[in-house]
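Take a look at the structure below.
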Amino acid sequence: MLFDIKEAMREIKRGTAEIIDEERIEKLLKNFLETGENYTVKAGFDPTAPDLHLGHTVLIQKLALFQQYGGIVQFLIGDFTGMIGDPTGKNETRKKLDRETVEKNAQSYKEQVFKILDPKKTEVVFNSTWLDKLGAAGLVELTTTFNVARMLERDDFDKRYKSQTAISISEFLYPLLQGYDSVALKSDIELGGTDQKFNLLMGRTLQRTYNTGKEQAVLMMPLLEGLDGVNKMSKSLNNYIGVTEEPNTMFGKVLSASDELMWRYYDLLSTRSIAEIEDLKSEVATGSMHPKAVKEHLACEIIERFHSQEDALKAKEEFDRVHKQSEIPSDIKEYALEGPLWIAKALVDAKISPSTSQSRRDIKQGAVKINQEKISDEQLQLQTGEYILQVGKRKFAKVKVS
RNA sequence: GGUGAGUUACUCAAGCGGCCAAAGAGGGCAGACUGUAAAUCUGCUGGUUUUUACCUUCGAAGGUUCGAAUCCUUCACUCACCA
């Protein structure tokens, strides 16, 4: 497998927030080219039930990129550290998951992650494997390698310390243990989010302290913005695209991103080369290509990755049919209801309106359609029969009134 | 431990006895316009077929009052300053 180092480095650097020890990465690539010797790329994940969205896949795709250039991915599931809880978050102490649950979650990780990663070049590892063995003595030894003052350099510790918010001792252990993972795994490179900087550097420090003969390079990826273009992608903000979502949903969500955000997504999510993306940009700039078409390509690429090419094409056709020809989607939810039924109630029963009050408002605004006909009578009763109900442009339901 | 300030709808934030389902902003939903969006303009944004009405909601529980988000008491939590 041959590749151009400069080109490879450009792709590796693409979209990254920060790289520490870039020369090391270049050396590893060069060495691989010359001797065929692989190197390891570590990334850690929570042991909780994975429900990945595109924000997570930014990092995973970067891992996949390294696999093209001789990297062996160490996909670390933090089943031990998981019970401490990363202090970056809300500082809740979590329960240790039992073996069975961890295994189950790991399996589900594999299903989602191997759509991007090459399983042949991936080792799935659990940090309880070595951390369980570390024991009290080993743990104490680990703590002697670091002092409190340096620990407090970490931004959020610093803030919490100064504002006298509680910091549990166990939280100090988190970075140490995560760093120790790098010692145990002898990782050459570690990937993580920008919020993980302190922990990632800890791995580097500890590798030196423990004389592993390695000092991992660190590559940090930014947090991907969600569909609103402002906040980070997250499920709770409902601005995410989940990797297990339906093709039609994915397509609609990608298309609903703004033009500006689309380019950000290209940079971080597309496997197209930098040059290809530049071409697309200039074609849009000169008007020879419509931004919508570019967005459609991206949507299809993402759907192909998690579903199939066929699904992508279907999703596109479906989207055009609904939005261009304003026809009705091909498969909509069906509800059997008893009539006669007040229209406002029917919308609630068909789950396309949260309350009858909301239904009334929507009807007043002309947002409600029955069989494609706009209605204005909020007292309307549905008699026996089949109806296609619609609220706004997106919410459809078929009801059978009996 | 002491003193002071605060807790209002999805979020921030006004209100300080009746005109309060509660200003304003953001977010969200919808309509127009589009390329599907974004931007812009407009409307809506607790619930209930009594819809110029009724019911529930202003940290929790009691109380005063014809009437409380607003006053009083207790409790819980958050924050600031002091120790």
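Each chain gets a letter, A, B and so on, in the order its sequence line appears, and its residues count up from 1.
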| B:C29 phosphate, OP1 or OP2, under 4.0 Å from A:Lys395 side-chain N/O |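 Checking A:Lys395 against B:C29: no side-chain N or O falls below 4.0 Å of OP1 or OP2.
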
Nearest whole Å is fine: how far is [N] [atom2] from [X] [atom1]?
X	N	atom1	atom2	answer
A:Leu347	B:U49	CG	P	12 Å
A:Asn231	B:U11	CG	P	15 Å
A:Glu260	B:A39	CD	C1'	11 Å
A:Lys369	B:A30	NZ	P	12 Å
A:Asp228	B:A37	CG	C1'	14 Å
A:Leu227	B:C29	CG	P	11 Å
A:Leu261	B:A39	CG	C1'	15 Å
A:Arg394	B:G31	CZ	P	10 Å

Result block: side-chain N/O donor-acceptor pairs under 3.5 angstrom for residues 256-263 of chain A, not counting sequence neighbours:
unit_1   : atom_1 : unit_2   : atom_2 : d
A:Ser256 : OG     : A:Lys253 : O      : 2.9
A:Ser258 : OG     : A:Leu261 : N      : 3.3
A:Asp259 : OD1    : A:Lys295 : NZ     : 2.9

| message | Can you see whether A:Gln207 engages A:Glu215 through a side-chain donor-acceptor pair at a distance of less than 3.5 angstrom? | response |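 No - no donor-acceptor pair under 3.5 Å links their side chains.
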
| query | In terms of side-chain heavy atoms, does A:Glu318 have a donor or acceptor partner in A:Asn248 at a distance below 3.5 Å? | reply |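 No donor-acceptor contact under 3.5 Å links the two side chains.
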
Quantified in whole Å, what is the [atom1] atom distance between nucleotide [N] and nucleotide [M]?
N	M	atom1	value
B:U45	B:G1	C1'	47 Å
B:U8	B:U70	C1'	11 Å
B:C58	B:U51	P	27 Å
B:C77	B:A83	C1'	22 Å
B:C19	B:U40	C1'	36 Å
B:U73	B:C10	P	30 Å
B:A23	B:A32	C1'	28 Å
B:U52	B:A60	P	31 Å

If [N] has a Watson-Crick or G-U wobble mate with both distances under 3.5 Å, name it; if not, just say none.
N	value
B:C12	B:G24
B:C58	none
B:U34	none
B:C79	B:G4
B:G67	none

| said: According to side chain to side chain donor-acceptor pair (under 3.5 Å), who are the partners of A:Ser308, at least two apart in sequence or on a separate chain? | reply: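 Side chain to side chain donor-acceptor pair (under 3.5 Å) list for A:Ser308, sorted by chain: A:Asp311.
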
| query | Who pairs with A:Lys395 by side chain to side chain donor-acceptor pair (under 3.5 Å), at least two apart in sequence or on another chain? | reply |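 A:Lys395 satisfies side chain to side chain donor-acceptor pair (under 3.5 Å) with no residue once adjacent residues are dropped.
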
| task | Spell out, as yes or no, whether a donor-acceptor pair under 3.5 Å connects the side chain of A:Gln390 to the backbone of A:Gly392. | result |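 It does hold such a pair.
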
| request: For the pair A:Thr16 (side chain) and A:Met221 (backbone), establish whether a donor and an acceptor sit closer than 3.5 Å, ignoring hydrogens and angles. | output: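 Answer holds: no.
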
| request: Indicate, with yes or no, if the rings of A:Tyr210 and A:Tyr180 have centres closer together than 6.0 Å. | output: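 Yes, ring centres under 6.0 Å apart.
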
| said: Is the distance from the ring center of A:Phe126 to that of A:Phe80 below 6.0 Å? | reply: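 No, too far apart.
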
| task | Could you say whether the aromatic ring of A:Trp342 and the base of B:U49 stack, counting only centre distances under 5.5 Å and plane angles under 30°? | result |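 So A:Trp342 counts as stacking on the base.
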
| How does protein reach along nucleotides 42-47 of chain B, written 5' to 3' as B (base within reach of a heavy atom under 4.0 Å), S (only sugar-phosphate), or - (no contact)? | -BSS-S

| message | I'd like to know whether CZ of A:Arg321 has more than 12 heavy-atom contacts from other residues, nucleotides or ligands below 6.0 angstrom. | response |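 For A:Arg321, atom CZ is crowded (more than 12 foreign heavy atoms under 6.0 Å).
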
| said: Taking salt bridge (charged side-chain N to carboxylate O under 4.0 Å, His left out) as the definition, give me every residue that meets it alongside A:Glu18, ordered by chain and number, with sequence neighbours left out. | reply: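 In terms of salt bridge (charged side-chain N to carboxylate O under 4.0 Å, His left out), with neighbours along the sequence ignored, A:Glu18 is linked to A:Lys197.
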
| request: Report the residues that fulfil salt bridge (charged side-chain N to carboxylate O under 4.0 Å, His left out) with A:Lys316, sequence neighbours left out, ordered by chain and then residue number. | output: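 For A:Lys316, the residues satisfying salt bridge (charged side-chain N to carboxylate O under 4.0 Å, His left out) (neighbours in sequence not counted) are A:Glu296, A:Asp320.
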
| message | Within the 4.0 Å heavy-atom criterion, would you say A:Lys393 contacts the bases, only the backbone, or no part of the nucleic acid? | response |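 If one applies the 4.0 Å heavy-atom cut-off, A:Lys393 turns out to touch a base.
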
| field | Touch class at under 4.0 angstrom, heavy-atom based, for A:Lys253 against every strand present | value |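 It contacts nothing in the nucleic acid.
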
| task | For RNA chain B, find the residues of residues 379-389 of chain A with a heavy-atom distance under 4.0 Å and give them by number; none if there aren't any. | result |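 Contacts with RNA chain B under 4.0 Å: A:Gln379, A:Gln381.
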
| Going by heavy atoms closer than 4.0 Å, what residues in residues 287-300 of chain A are next to RNA chain B? |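 Correct list: A:His290, A:Pro291, A:Lys292, A:Lys295.
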
Listing, residues 265-274 of chain A side-chain donor-acceptor contacts under 3.5 Å, not counting sequence neighbours, or none:
unit_1   : atom_1 : unit_2   : atom_2 : d
A:Tyr265 : OH     : A:Glu225 : O      : 2.9
A:Tyr265 : OH     : A:Gly226 : O      : 3.4
A:Tyr266 : OH     : A:Val294 : O      : 2.7
A:Tyr266 : OH     : A:Leu298 : N      : 3.4
A:Ser270 : OG     : A:Arg272 : N      : 2.9
A:Ser270 : OG     : A:Glu301 : OE1    : 2.8
A:Ser270 : OG     : A:Glu301 : OE2    : 3.3
A:Thr271 : OG1    : A:Glu301 : OE2    : 3.1
A:Ser273 : OG     : A:Glu276 : N      : 3.2
A:Ser273 : OG     : A:Glu276 : OE1    : 3.4

| request: Please name all residues satisfying side-chain contact (heavy atoms from CB on, under 4.5 Å) with A:Lys351, sequence neighbours left out, ordered by chain then number. | output: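 A:Lys351: side-chain contact (heavy atoms from CB on, under 4.5 Å) contacts with A:Tyr335.
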
| query | By side-chain contact (heavy atoms from CB on, under 4.5 Å), which residues pair with A:Glu246, not counting sequence neighbours? | reply |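 Once residues adjacent in sequence are excluded, the partners of A:Glu246 under the side-chain contact (heavy atoms from CB on, under 4.5 Å) criterion are A:Thr249.
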
| request: Kindly say whether, by distance alone, the side chain of A:Asp259 makes a donor-acceptor pair under 3.5 Å with the base of B:G35? | output: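 When only heavy-atom distances are counted, A:Asp259 does reach the base of B:G35 through a donor-acceptor pair under 3.5 Å.
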
Between the protein and nucleotides 53-58 of chain B, list every N/O to N/O distance that falls short of 3.5 Å.
none

| Given RNA chain B, 5'-ward residue of the pair A:Gly392 and A:Lys364, judged by closest heavy atom |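 Nearest-nucleotide comparison on RNA chain B picks A:Gly392.
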
| Carboxylate-amine/guanidinium proximity below 4.0 Å for A:Glu11 and A:Arg14 |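 Yes, this pair counts.
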
